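Notes follow the structure.
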Amino acid sequence: MTDATPDHEASDETPDSERLRETVRSYYERVDDDDYDGLLALFADDVVYDRPGQDPIEGIDALERFYREERPLSDGEHEVLAVAVDGDTAAVRGTFSGRQDDERVAFGFADFHTVDADGLIAHRVTYTDRDTV
């Protein structure tokens with residue numbers, strides 16, 4: 001297949017690893033640019049976002065509310081240090097520097113993005129060295 005749109009009949013095939021890398025790198029660019037429409041376009045409608053120690057965010061509407069209204073991080077930048085792809089999941093190691101509430105912060109993170117058959121992020125898990133983000 002030569003175009004970037006997966007064939008629904010081939011939904012059991014493993015996603016292209018380079019496309020998955022591009023999707024996760026695009027995620028960090030869009031979140032840093034506050035491009036919420038573009039950001040949300042990367043996610044499946046039934047997305048689940050897990051942040052250990054907090055309730056999961058379930059569904060695209062809840063995810064939109066989180067990014068537009070509830071996300072405690074702002075005015076920041078992610079630096080992606082490594083991306084490893086295994087099948088339909090990309091593991092990302094990086095750093096974030098910016099603001100959390102009124103405090104300047106800088107910390108490391110590890111994220112896992114799992115895509116569905118359409119190449120949309122269906123499950124995301126974030127680990128950081130902070131208690132809450």
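Residue numbers run from 1 in the order of the sequence given. Note that the structure is predicted; figures quoted are calculated from it, not measured.
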(request) Could you verify whether a donor N or O on one side chain and an acceptor N or O on the other, from R30 and Y36, lie under 3.5 Å apart? (result)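 Absent: no donor and acceptor within the cut-off.
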
(request) Answer yes if the side chains of D111 and Y27 hold a donor-acceptor pair under 3.5 Å, and no otherwise. (result) no

(message) Between D34 and R68, does any side-chain N to carboxylate O distance fall below 4.0 Å?
(response) no

Measure from the ring center of [X] to the ring center of [Y] and say whether it is less than 6.0 Å.
X	Y	value
H113	F43	no
F96	F107	yes
F112	H123	no

Please round to the nearest 0.5 Å and tell me the distance separating atom [atom1] of [X] and atom [atom2] of [Y].
X	Y	atom1	atom2	result
R25	H78	CZ	NE2	13.0 Å
D45	D118	CG	CG	10.0 Å
L42	E22	CG	CD	11.5 Å
L40	D35	CG	CG	9.0 Å
T126	F109	OG1	CZ	8.0 Å
I57	E70	CD1	CD	7.0 Å

(request) Can you see which heavy atom on A90 is nearest to which on V85, and at what distance? (result) CB-CG2, 4.2 Å

(message) How close do A44 and A122 get, counting heavy atoms only, and between which atoms?
(response)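 Closest heavy-atom pair between A44 and A122: CB-CA, 4.2 Å.
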
(message) Run the side chain to side chain donor-acceptor pair (under 3.5 Å) test against T95 and tell me which residues pass, sequence neighbours left out.
(response) none

When hydrophobic residues are tied together by side-chain contacts of less than 4.5 Å, even through go-betweens, does [X] share a cluster with [Y]?
X	Y	result
Y67	L120	no
I60	V125	no
V24	F66	yes

(message) Set out, in order, the CA-CA distance, both residues' side-chain angles and the distance that settles side-chain contact (heavy atoms from CB on, under 4.5 Å) for R99 and V105, then state yes or no.
(response) CA-CA 6 Å; R99 300 193 77 72; V105 295; 5.9 Å; no

(message) Any heavy-atom pair between the side chains of V92 and V80 that's under 4.5 Å?
(response)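 Sidechains of V92 and V80: in contact.
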
(request) Answer yes or no: is there a side-chain heavy-atom contact under 4.5 Å between L20 and D88? (result)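 No, every pair of side-chain atoms sits at 4.5 Å or beyond.
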
(message) Could you check whether any side-chain N or O of D16 sits under 3.5 Å from a backbone N or O of E18, counting only pairs where one atom can act as donor and the other as acceptor?
(response)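 Yes, because the side chain of D16 sits within donor-acceptor range (under 3.5 Å) of the backbone of E18.
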
(request) Look only at the side chain of R93 and the backbone of V83, and say whether a donor-acceptor pair between them is shorter than 3.5 Å. (result) no

(request) List the steps, then state whether salt bridge (Lys or Arg N to Asp or Glu O under 4.0 Å) holds for R124 with D50. (result) CA-CA 6 Å; R124 176 172 149 74; D50 287 310; over 6 Å; no

(message) The criterion is salt bridge (charged side-chain N to carboxylate O under 4.0 Å, His left out); which residues satisfy it with D75, sequence neighbours excluded?
(response)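 Result, salt bridge (charged side-chain N to carboxylate O under 4.0 Å, His left out) vs D75: R104.
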
(request) List the steps and the verdict of side-chain contact (heavy atoms from CB on, under 4.5 Å) for I121 and T23. (result) CA-CA 8 Å; I121 302 169; T23 296; 4.1 Å; yes

(request) Establish, yes or no, whether the cationic atom of R51 lies under 6.0 Å from the six-membered ring centre of Y49 and within 45° of the ring axis. (result)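 Pair R51/Y49 counts as cation-pi.
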
